[in-house]
2 protein chains.
Amino acid sequence: MASPPRDRRPTLADVAALTGVSTALVSIVMREAPGASPATRERVCRAADELGYRPDARARLLRSTRSRLLGVVFDVRQDFHGDLLGGLYAAGELLQYELTLSAVTPVRDEERAMASLLQDRCEAIILLGPRSPTTRLAELATRLPVVVVARPVRAAGVHVVRTTDDAGQRQAVDHLVSLGHRRITHIDGGRAPGAAQRRRGFSAAMTHHGLSEDQHIIRGGPGEDDAAHAAGELLKGPLPSAVTVFNDRCAVAVMDVLHRSRLSVPEEISVIGYDDSRVAALSSIQLTTVAQDAEKMASLAVGRVADRLDGAVVGHRELIVPPRLVIRSTTASPV
Amino acid sequence: MASPPRDRRPTLADVAALTGVSTALVSIVMREAPGASPATRERVCRAADELGYRPDARARLLRSTRSRLLGVVFDVRQDFHGDLLGGLYAAGELLQYELTLSAVTPVRDEERAMASLLQDRCEAIILLGPRSPTTRLAELATRLPVVVVARPVRAAGVHVVRTTDDAGQRQAVDHLVSLGHRRITHIDGGRAPGAAQRRRGFSAAMTHHGLSEDQHIIRGGPGEDDAAHAAGELLKGPLPSAVTVFNDRCAVAVMDVLHRSRLSVPEEISVIGYDDSRVAALSSIQLTTVAQDAEKMASLAVGRVADRLDGAVVGHRELIVPPRLVIRSTTASPV
DNA sequence: TTGAAAGCGCTAACAT
DNA sequence: ATGTTAGCGCTTTCAA
């Protein structure tokens with residue numbers, strides 16, 4: 001007999017009892033698997049609705065061989081990770097994968113975040129900008145497929161999706177040159193990850209345009225304070241007509257110093273950032289910058305994970321997503 | 001006999017076999033539950049380590065009555081949600097709860113986010129700034145304990161943790177008045193959530209200081225464009241010595257307009273935002289603003305959930321966290 | 001098309 | 001202190 005569940009949540013068995021069929025059949029219907037008559041499907045669905053039945057994800061996972069679960073480690077403090085998450089969900093949906101999120105916070109380190117995913121039996125792990133040592137990542141990769149996004153690590157079994165920072169910087173320079181700029185300064189990110197590559201890209205691009213004489217590089221850093229200091233240096237010498245800055249945060253800080261010195265952007269000097277972070281798009285800032293295509297990176301990451309889980313032999317360990325220049329209002333032709 | 005697992009992950013049984021004890025005993029050891037001799041513990045742990053054994057969270061959950069799992073719905077685009085997540089993990093840890101995250105993204109709506117949590121068998125759900133209609137939240141609350149953070153909803157069974165926006169605005173005004181300001185304008189958030197309350201708080205505070213004649217309210221909105229427009233209006237009339245703006249984003253936009261008009265902040269005009277978002281702390285901005293205590297709100301939310309799960313009868317449906325003024329560099333005494 | 005039965009990895013009673 | 005047994009809610013053979 002059907003026994004309407006009181007305090008506990010309804011189970012497959014409840015639905016089966018109410019419909020008068022076996023649990024196996026209900027299972028088939030709920031999974032939309034082939035092997036049940038339309039009439040039965042109809043009746044089972046009705047009963048399930050009536051009871052407010054929801055399949056138990058965990059019991060399901062426990063039983064089935066594959067979990068189709070992807071673990072994702074992200075940092076709550078990184079805006080860009082938020083964008084990536086959006087892309088990951090979208091890509092996951094397409095390939096029928098569920099995501100299990102595990103956050104890194106000021107009080108929860110990466111190790112904990114990874115451990116919790118391991119317990120959740122995900123089939124693979126996607127790490128967004130991880131800081132763990134290469135050896136740790138390699139070790140993790142021996143247990144399950146690992147894909148690292150937005151950090152160039154070289155470790156056995158660890159696949160990587162990243163952008164080419166130097167190419168991004170080159171696009172920035174190309175844009176400025178096409179506007180007519182010649183004297184361009186780069187305020188770099190010091191030892192920050194990616195800084196060296198962007199600096200190199202800047203130099204290469206300038207040289208490529210025959211402007212190696214006109215280039216200048218000022219030492220900066222990842223934070224606003226480094227940038228403000230660098231901007232001070234910038235004002236001391238002969239002013240260039242344009243600056244490319246390590247990242248958006250720094251670019252905003254630089255612009256602030258420029259404004260305080262009564263220099264208007266872009267009329268008197270053009271500024272380009274890097275990251276296309278949320279500040280860059282603020283209508284009060286409208287910073288020309290280099291964007292990393294979060295959606296594309298996310299879909300590549302999921303695709304790569306899926307391929308590996310399907311046993312495909314994948315050639316390249318690294319997937320490169322070219323960055324893209326986003327032209328807003330901080331760049332213009334020099335007077 | 002002990003059979004080292006090849007392709008599949010090691011299970012309790014594998015550890016038991018390797019140690020030569022029963023699975024129940026291994027279970028006890030892994031859970032650090034009482035009922036095993038130190039010697040056995042030692043041996044079991046060694047074996048588990050050797051095999052690289054990790055308990056299967058899902059099987060655990062399936063078996064035990066309580067999952068000690070809290071579902072959290074957050075929006076990847078909200079910086080503040082990131083802060084809250086940090087606090088939730090911290091608070092959860094203290095009370096021995098695990099968090100299951102479910103994100104709202106541009107391609108994944110709140111309904112989906114909630115549905116996935118329901119399948120994960122969490123014991124309660126914490127919603128960060130949900131947009132679902134009150135009726136939907138009430139309905140959800142009939143299935144399990146629901147706590148809403150940062151949105152004032154009135155629905156049966158739905159508990160709320162929020163700040164008092166009017167009190168925040170009052171603090172802003174108090175600060176300005178104590179600096180010597182009298183003529184103060186509020187650029188409001190139009191119909192944005194919370195805007196009405198902040199507007200009311202502003203008026204009340206001004207009146208309280210006997211400045212009802214000196215107050216001015218300009219219609220704004222939640223976005224920068226609304227704010228920029230409002231700032232234009234501001235410049236048309238006689239300039240106040242200070243403005244309080246609906247939120248940080250808008251405040252930044254307002255300051256931008258002021259700067260372009262060669263008005264310096266805070267020398268010629270003081271500005272106060274609201275939210276203490278990441279932009280406010282940028283060293284190039286240093287905006288005086290009103291902060292919502294994310295950590296406190298998070299710990300109250302988890303505490304409330306825990307109380308309800310423990311069957312405690314909780315009196316107040318709403319928990320109020322007073323906001324806090326963060327004084328930075330955009331406020332000063334008028335000349 | 002449908003049902004019976006076994007078992008995923010674990011914990012909770014109950015034995016010993 | 002340790003082992004035995006019985007499920008948690010589901011999927012998956014296999015047989016009817």
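Per the geometry, CZ belonging to A:R54 stands 20 Å off C1' belonging to D:dC8, to the nearest Å. Rounded to whole Å, atom P of C:dT1 lies 9 Å from atom CZ of A:R41. Rounded to an integer number of Å, the gap from CZ of A:R9 to C1' of D:dC8 is 14 Å. The CZ-C1' distance, from B:R68 to C:dT11, rounds to 16 Å in whole Å. D:dC10 atom P lies 9 Å from atom CG of A:D14, rounded to whole Å. To the nearest angstrom, C1' of D:dG3 lies 10 Å from CD1 of B:I28.
A donor-acceptor contact closer than 3.5 angstrom is absent between the side chains of B:T105 and B:R77. Under 3.5 Å, the side chains of A:S27 and A:R31 contain a donor-acceptor pair of N or O atoms. In the model, B:R108 has a side-chain atom that pairs as donor or acceptor with a side-chain atom of B:S102 under 3.5 Å.
Of the residues in residues 111-124 of chain A, none has a non-hydrogen atom less than 4.0 angstrom from any atom of DNA chain D.
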Which protein N or O atoms sit under 3.5 Å from an N or O of nucleotides 12-16 of chain C?
from	atom 1	to	atom 2	distance (Å)
C:dA12	OP2	B:R31	NH1	2.8

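Comparing D:dG9, D:dG3, C:dC10 by their closest approach to the side chain of B:P55 singles out C:dC10. In this structure, of D:dG9, C:dT1, D:dT11, it is D:dT11 that holds the atom nearest to the side chain of A:L12. Listed candidates were D:dG3, D:dA1, C:dC10. Nearest to the side chain of B:S37 is D:dA1. Taking every side-chain heavy atom of B:L25 into account, D:dT2 is the closest of D:dT2, C:dT2, C:dC8.
Salt-bridge check for B:R151 with B:D75: failed, with every basic side-chain N at 4.0 Å or more from each acidic carboxylate O. Under the 4.0 Å criterion applied to side-chain N and carboxylate O atoms, A:R112 and B:E93 are assigned as salt-bridge partners. Ion pairing between A:R46 and A:E42 holds under the 4.0 Å rule for side-chain N and carboxylate O.
Taking side-chain N and O atoms only, A:T40 has no distance below 4.0 Å to OP1 or OP2 of C:dT1. Contact annotation: B:R60 reaches the phosphate of C:dT11 (side-chain N/O to OP1 or OP2, under 4.0 Å). When the side-chain nitrogen and oxygen atoms of A:S22 are compared with OP1 and OP2 of C:dG3, one or more of them lie within a distance under 4.0 Å.
Side chain of A:E318 to main chain of A:H159: no donor-acceptor pair is present (N/O by atom type, distance under 3.5 Å, no hydrogens or angles). B:D310 places no side-chain N or O within donor-acceptor distance of the main-chain N or O of B:A312, the cut-off being under 3.5 Å. Within the 3.5 Å criterion, the main-chain N or O of A:A103 finds a donor-acceptor partner in the side chain of B:Y89.
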